[in-house]
Amino acid sequence: MQIKPLDTYKENKYINFCISLAKNGITGVFMNPMVGACLIYEDRVIGFGYHKKYGGAHAEVEAIQSVKSQDRELISKATLYVTLEPCNHYGKTGPCTEFILQHKIPKLVFGCFDPNPLMQGKSIAFLQQNGVQTIGPIEDQKCRNLIQAFTKRNREKKPFVTLKWAQTKDYYIGKENEKVKISNPISDIYVHKLRSEHDGILIGSETALRDLPLLNNRHWSGTSPKPILLDRRNRLPHISELNSLLNKSIHFNKPEQNLEQVLDELFAVHQIGSVLVEGGQQILQSFIDQNLWDEAHIITNKSLSITSGIKAPFLQGQLFKTLQIKADSIQIVQNLEKI
């Protein structure tokens with residue numbers, strides 16, 4: 001067995017703690033990245049926090065402000081751990097680098113560099129120039145996985161696209177003109193949690209007409225995603241049962257508009273930073289074939305076969321994680337070209 005040096009072990013431990021903190025902000029940060037931070041003095045956590053809400057205090061500020069009055073004098077002797085390079089520019093809030101210097105924090109350990117072109121190492125250089133010892137990146141890949149959606153938004157000016165479908169053991173997603181229940185109720189809760197983590201949820205007209213879906217996350221907490229309807233033949237306004245859904249949705253009904261144009265408009269006009277695609281086989285496969293997806297959550301009921309029907313989409317990618325919920329196996333697959 002290979003044992004890591006004590007210092008490296010400690011740095012990894014606290015960055016992993018920060019990663020767990022950051023994930024608490026997944027439903028509130030919108031266009032911003034998920035970030036977690038903690039302040040450590042002599043192996044004791046004296047403050048911690050995460051970026052909770054778009055436009056709100058950043059993780060570093062939350063961590064520093066969380067320090068109890070009896071420990072305030074320790075801030076200038078503590079080490080600040082943060083998953084992402086601190087910001088060094090004015091946006092919705094002031095620069096975290098100035099806040100760090102204001103509190104005379106002597107040492108910073110960071111998880112990964114900021115992909116924002118305004119940043120990309122400039123904050124680290126600034127802090128070093130002002131006497132702050134910096135160490136990083138630490139747990140770089142884990143921290144970059146945490147901000148995949150933010151990275152894509154910065155580099156491509158498009159929303160992060162997640163595909164989701166449920167399939168049988170023999171790789172069918174349903175039957176023509178017949179509803180087939182594939183995933184179990186606990187997996188359904190998982191899907192609603194996934195919905196709460198996205199700004200928008202996209203389906204095509206066939207799914208809308210067949211299922212008359214609500215497209216909300218009623219089985220989970222948080223804000224429901226904005227419904228997005230692809231309806232190139234403009235069929236949906238003629239279905240009275242869909243009026244409620246249409247009134248609150250973003251409706252694409254121009255036949256000449258392709259998927260890439262749809263994503264561009266969602267980002268630039270509607271400020272949708274992440275999209276969950278829950279459409280039928282045709283739409284899902286179109287996102288795959290045009291390489292417009294970033295991650296896929298595939299639910300496979302290992303105990304159900306239907307022998308015929310609508311074939312599941314086919315994709316190739318890197319398996320990131322597998323979850324088991326009773327007979328359902330949920331595979332989370334990442335697009336190798338987008339990682």
Using a strict 4.0 Å threshold on nitrogen-to-oxygen distance, state whether [X] and [Y] make a salt bridge.
X: Glu206; Y: Arg210; answer: no
X: Lys152; Y: Asp294; answer: yes
X: Glu62; Y: Lys53; answer: no
X: Lys77; Y: Asp71; answer: no
X: Asp188; Y: Lys181; answer: yes
X: Arg195; Y: Glu278; answer: yes
X: Lys158; Y: Asp264; answer: yes

Item to complete: Kindly indicate, with the supporting measurements, whether the criterion side chain to side chain donor-acceptor pair (under 3.5 Å) is fulfilled by Thr162 and His297.
Response: CA-CA 7 Å; Thr162 304; His297 293 238; 5.3 Å; no
Atom pair [atom1]/[atom2] of [X] and [Y] - distance to nearest 0.5 Å:
X: Ile332; Y: Leu194; atom1: CD1; atom2: CG; result: 8.0 Å
X: Phe126; Y: Thr97; atom1: CZ; atom2: OG1; result: 5.0 Å
X: Leu146; Y: Thr151; atom1: CG; atom2: OG1; result: 9.5 Å
X: Leu202; Y: Lys226; atom1: CG; atom2: NZ; result: 13.5 Å
X: Gln133; Y: Leu127; atom1: CD; atom2: CG; result: 12.0 Å
X: Ile201; Y: Ser249; atom1: CD1; atom2: OG; result: 12.0 Å

Do [X] and [Y] have side chains that approach each other closer than 4.5 Å (heavy atoms only, starting at C-beta)?
X: Val82; Y: Val35; answer: yes
X: Ile310; Y: Lys175; answer: no
X: Trp293; Y: Leu315; answer: yes
X: Ile19; Y: Cys143; answer: yes
X: Pro225; Y: Asn217; answer: yes
X: Gln148; Y: Gln334; answer: yes
X: Tyr190; Y: Ile325; answer: yes
X: Ile288; Y: Ser286; answer: no

Discussion item. Tell me whether the NZ or CZ atom of Lys10 lies within the 45° cone about the ring axis of Tyr14 and under 6.0 Å from its centre.
Written reply: no
Discussion item. Do Lys311 and Tyr171 form a cation-pi contact, if we require the NZ or CZ to be under 6.0 Å from the six-membered ring centre and within 45 degrees of the ring's axis?
Written reply: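 The answer is no, since Lys311 fails at least one limit relative to Tyr171.
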Exceeds 12 heavy-atom contacts within 6.0 angstrom, atom [atom1] of [X]:
X: Lys104; atom1: NZ; value: no
X: Gln290; atom1: CD; value: yes
X: Lys169; atom1: NZ; value: no
X: Gln102; atom1: CD; value: yes
X: Gln271; atom1: CD; value: no
X: Phe267; atom1: CZ; value: yes
X: Glu73; atom1: CD; value: no

Discussion item. Apply side chain to side chain donor-acceptor pair (under 3.5 Å) to residues Gln141 and Asn145 and explain how you reach the verdict.
Written reply: CA-CA 6 Å; Gln141 187 59 58; Asn145 279 338; 3.2 Å; yes
Item to complete: Please list, chain by chain and in numerical order, all residues satisfying side chain to side chain contact (heavy atoms under 4.5 Å, CB included) with Thr79, sequence neighbours excluded.
Response: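 Checked Thr79 against side chain to side chain contact (heavy atoms under 4.5 Å, CB included); matches are Tyr81, Lys107, Val109.
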Item to complete: Check the pair Thr134 / Gln128 against side chain to side chain donor-acceptor pair (under 3.5 Å), numbers first and verdict last.
Response: CA-CA 7 Å; Thr134 62; Gln128 289 173 341; 2.7 Å; yes
Looking at [Y], is its backbone amide N or carbonyl O close enough to the side chain of [X] to form a donor-acceptor pair, meaning the two atoms are under 3.5 Å apart?
X: Asp231; Y: Leu236; result: yes
X: His192; Y: Arg218; result: yes
X: Ser274; Y: Asp199; result: yes
X: Arg153; Y: Phe160; result: no

Worksheet entry | CA sep, side-chain torsions, deciding dist, call: Ile330, Ile298, side chain to side chain contact (heavy atoms under 4.5 Å, CB included) | CA-CA 5 Å; Ile330 304 176; Ile298 306 166; over 6 Å; no
Nearest heavy-atom neighbours spanning [X] and [Y]:
X: Pro159; Y: Leu266; value: CG-CB, 4.5 Å
X: Ile105; Y: Leu39; value: CD1-CD2, 4.1 Å
X: Asp170; Y: Ser305; value: OD1-CA, 3.4 Å
X: Arg144; Y: Cys112; value: CG-CB, 3.9 Å
X: Leu242; Y: Ala208; value: CD2-O, 3.8 Å
X: Ile306; Y: Gly174; value: CD1-O, 4.0 Å

Residue pair [X] / [Y], side-chain donor-acceptor N/O under 3.5 Å:
X: Glu85; Y: Gln120; value: no
X: His103; Y: Ser76; value: no
X: Thr300; Y: Gln167; value: yes
X: Lys142; Y: Asn16; value: yes
X: Asn301; Y: Thr168; value: no
X: Asn184; Y: Asp328; value: yes

Discussion item. Which label fits Tyr54 and Phe30: parallel for a plane angle under 30°, tilted from 30 to 60°, or perpendicular past 60°?
Written reply: perpendicular
Item to complete: Report the C-alpha distance between Asp114 and Phe150 in whole Å, list the side-chain angles of each, state the deciding distance to 0.1 Å, and finish with yes or no for side chain to side chain contact (heavy atoms under 4.5 Å, CB included).
Response: CA-CA 10 Å; Asp114 194 323; Phe150 177 70; 3.5 Å; yes
Practice prompt. I would like to know whether Gln261 and Lys254 meet side chain to side chain contact (heavy atoms under 4.5 Å, CB included); could you show each step before the answer?
Written response: CA-CA 11 Å; Gln261 290 170 330; Lys254 297 176 183 177; over 6 Å; no
